[in-house]
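Input: a single structure, listed below in structure tokens.
A quick note: this is a predicted structure, and the numbers were derived from the prediction, not measured. The first residue of the sequence shown is numbered 1, and numbering continues consecutively from there.
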Amino acid sequence: MKIDLPYFTALRRELHAMPELGYHEHRTAERICRELKSYGIPFEKGIGGTGIVAWIDKGRPGRSIALRADMDALPIREETGVEYASSQEGCMHACGHDGHVTMLLAAAKSLKESIDFDGRVVLIFQPAEEGGAGAKAMIEDGLFERFPVDRIYGLHNRPSEPLGTILVKEGPVMSAVDNWEVTIRGKSGHSSQPHNAVNPIVVASHTVLAIKEISALSINPMDAHVVTVAKIESGVAFNVIPDACRIEGSTRTFREAVQESIEERIRTLSASIAEGFGAEARTAYRRIYPATINSHSETALAAARNCPGITRIVEDFPSSMGSEDFSFYLQHVPGCYVWLGSKADPSAETIPLHSSRYDFNDDLLGIGACYWVNLVKVELG
């Protein structure tokens, strides 16, 4: 398989220069549609907001698989110094979604022009992965009813791993993430008369300590999880006891039973502690993304084994406490999510994802496109 690397490098950099936040990827979507039209690939746009679904088949019956690329950017001011840097102040492609889109387009062109297979390949260009649950929005907009598939696959660049490395395994690869907020209402008063008030900051302090003890006292040590207290807000002056205090944090887990247990403990502890001090606590708990749990990793591995550019396959690696809305797809359709190493120089500093200095490594374009094509050959060839 050959792709026009100079062309797709230029395309990737064009996308990099025009980043758009989740559900606002209008120019990005139009650019993708122009590419698909030039390849002769049919598509529908406006799915789940700004999402695009395209499809390729060769007129032969068979199974259907989906390949997904996310296309949104982040609200970060770019500091890369590259000549194709973001033209949108305060917005940049700091996670490589510009590269993900380009790899899938390059693969689509090859699949359309020169690869024979049975069945159908569905291409998903998804909005709002960065906290906006664009996958869920596309599903709720009838994605799998309108474009039924047997399996779905996703990939993400990983700048901490050497270029040519692929990480793939069965089971959980990324955690679920929940957001919670505890609002404690006490009784305001003057700081000289604490006995006539109920200080919600004091109640919140005890609550924070109790929440942080959930891991030690209530959860099996074998169940990986994180409970983070990240924000506390209250008060307007040094001599005024406020009437309310708000605590906010997150929970990350791999098992739903652990999620449920942590939610119950936060609710119960907050209410009980507040009651003991004569205050009131109300907890809002929101499930954001479920855990990303792979199946069919053997198919993903088979595609990697015959892919030029992939020089190292890693099957034993720690699951990430980061989260991904690709998990919503996997709740409906079996599939697999893989990482592709993108670090050109293993001895150099790693510029992490979501950094203002991050830029996608264009040397990964050919590897990623080849991987997608190989996956289609393994699944449908």
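Cluster membership for L21 and I52, using ILVMFWY side-chain heavy atoms within less than 4.5 angstrom, is not shared. With hydrophobic clusters built from ILVMFWY side chains whose heavy atoms lie under 4.5 angstrom apart, V378 does not share a cluster with V338. The same ILVMFWY cluster, assembled from side-chain heavy atoms under 4.5 Å apart, contains both L380 and I41. Placement of I139 and Y23 in two distinct hydrophobic clusters is found when ILVMFWY residues are connected by side-chain heavy-atom separations under 4.5 Å, directly or transitively. Transitive grouping of hydrophobic side chains (ILVMFWY, heavy atoms separated by less than 4.5 Å) brings I273 and I232 into a common cluster.
Of all heavy-atom pairs between A128 and E25, the closest is N-OE2, 3.0 Å. Of all heavy-atom pairs spanning A94 and L74, the tightest one is CB-CD1, 3.8 Å. Nearest heavy-atom pair, P194 versus S191, reported as atom, atom and distance to 0.1 Å: CD-O, 3.6 Å. When every heavy atom of G186 is checked against every heavy atom of A279, the shortest pair comes out as CA-CB, 4.2 Å. In terms of heavy-atom proximity, W372 sits nearest to M103 at CD1-O, 4.1 Å.
The distance from the CG atom of L301 to the CD1 atom of I313 is 6.0 Å, given to the nearest 0.5 Å. Here the straight-line distance linking atom OH of Y285 with atom CD of E264 works out to 11.0 Å at 0.5 Å rounding. Once rounded to the nearest 0.5 Å, the distance linking CE of M321 with CE of M174 reads 11.0 Å. In this structure, F254 CZ and D223 CG are separated by 10.5 Å, a value rounded to the nearest 0.5 Å. To the nearest 0.5 Å, atom CZ of residue R252 and atom NE2 of residue H225 are 13.5 Å apart. Here the straight-line distance linking atom CD of E181 with atom NZ of K231 works out to 8.0 Å at 0.5 Å rounding.
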Set out, in order, the CA-CA distance, both residues' side-chain angles and the distance that settles side chain to side chain contact (heavy atoms under 4.5 Å, CB included) for S270 and I211, then state yes or no. CA-CA 8 Å; S270 301; I211 288 173; 4.3 Å; yes

Salt bridge (charged side-chain N to carboxylate O under 4.0 Å, His left out) assessment of E298 paired with R305: CA-CA 10 Å; E298 192 55 44; R305 291 188 185 108; 3.1 Å; yes

Steps toward side chain to side chain contact (heavy atoms under 4.5 Å, CB included) verdict (V373, L111): CA-CA 7 Å; V373 170; L111 289 168; 4.2 Å; yes

Please assess D141 against L143 for the test side chain to side chain contact (heavy atoms under 4.5 Å, CB included), listing each intermediate value before the final yes or no. CA-CA 6 Å; D141 201 15; L143 172 66; over 6 Å; no

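Although no hydrogens or angles enter the test, the distance criterion places a donor-acceptor pair under 3.5 Å between the side chain of S323 and the main chain of S175. Looking only at distances, a side-chain donor or acceptor of R267 sits under 3.5 Å from a matching main-chain atom of T283. A donor-acceptor pair under 3.5 Å is formed between the side chain of N294 and the backbone N or O of K169.
P290 is listed as a side-chain neighbour of F328, based on a closest heavy-atom distance under 4.5 Å. Looking at E263 and R287, their side chains come closer than 4.5 Å, going by heavy atoms from C-beta outward. No side-chain heavy atom of M71 sits under 4.5 Å from any side-chain heavy atom of H100. Considering only heavy atoms from C-beta on, N179 stays 4.5 Å or farther from V177 through its side chain. A 4.5 Å side-chain heavy-atom check between E379 and D150 finds every atom pair outside the cut-off. Between I152 and F144 the shortest side-chain heavy-atom distance falls below 4.5 Å. Between M92 and T80 there is a side-chain heavy-atom pair separated by less than 4.5 Å. Counting heavy atoms from C-beta outward, F43 and C33 have side chains that approach closer than 4.5 Å.
For the pair R185 and E280, the salt-bridge criterion is not met [side-chain N within less than 4.0 Å of a carboxylate O]. Remark: E113 does not engage K2 in a salt bridge, criterion side-chain N to carboxylate O under 4.0 Å. The pair R27-E20 does not meet the salt-bridge criterion, since no charged nitrogen lies less than 4.0 angstrom from a carboxylate oxygen. Contact check on R68 versus D325 returns a salt bridge, with a Lys/Arg side-chain nitrogen under 4.0 Å from an Asp/Glu carboxylate oxygen.
No more than 12 heavy atoms of other residues, nucleotides or ligands sit less than 6.0 Å from atom NZ of K187. No more than 12 heavy atoms of other residues, nucleotides or ligands shown are found within 6.0 angstrom of CZ on R282. Within 6.0 Å of atom CZ in R63, more than 12 heavy atoms from other residues, nucleotides or ligands are found, so the atom counts as buried in its surroundings.
Here H156 and F326 keep their ring centres 6.0 angstrom or further from each other.
Among residues at least two apart or in separate chains, side chain to side chain donor-acceptor pair (under 3.5 Å) pairs with a member in residues 36-48 are E30-K45, E35-Y39, E44-R146.
The aromatic rings of H97 and H93 sit tilted, their planes meeting at an angle between 30° and 60°.
Not counting sequence neighbours, the partners of R13 by the side-chain contact (heavy atoms from CB on, under 4.5 Å) test are T9, Y84, D362.
Side-chain contact check for H16 and E78: at least one donor-acceptor pair (N or O, by modelled atom type) lies under 3.5 Å.
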Could you pull out every donor-acceptor pair under 3.5 Å between side chains of residues 160-168 and any protein atom, sequence neighbours left out?
| from | atom 1 | to | atom 2 | distance (Å) |
| --- | --- | --- | --- | --- |
| E161 | OE1 | R312 | NH1 | 3.4 |
| T165 | OG1 | P162 | O | 3.0 |
| T165 | OG1 | R312 | NH1 | 3.3 |

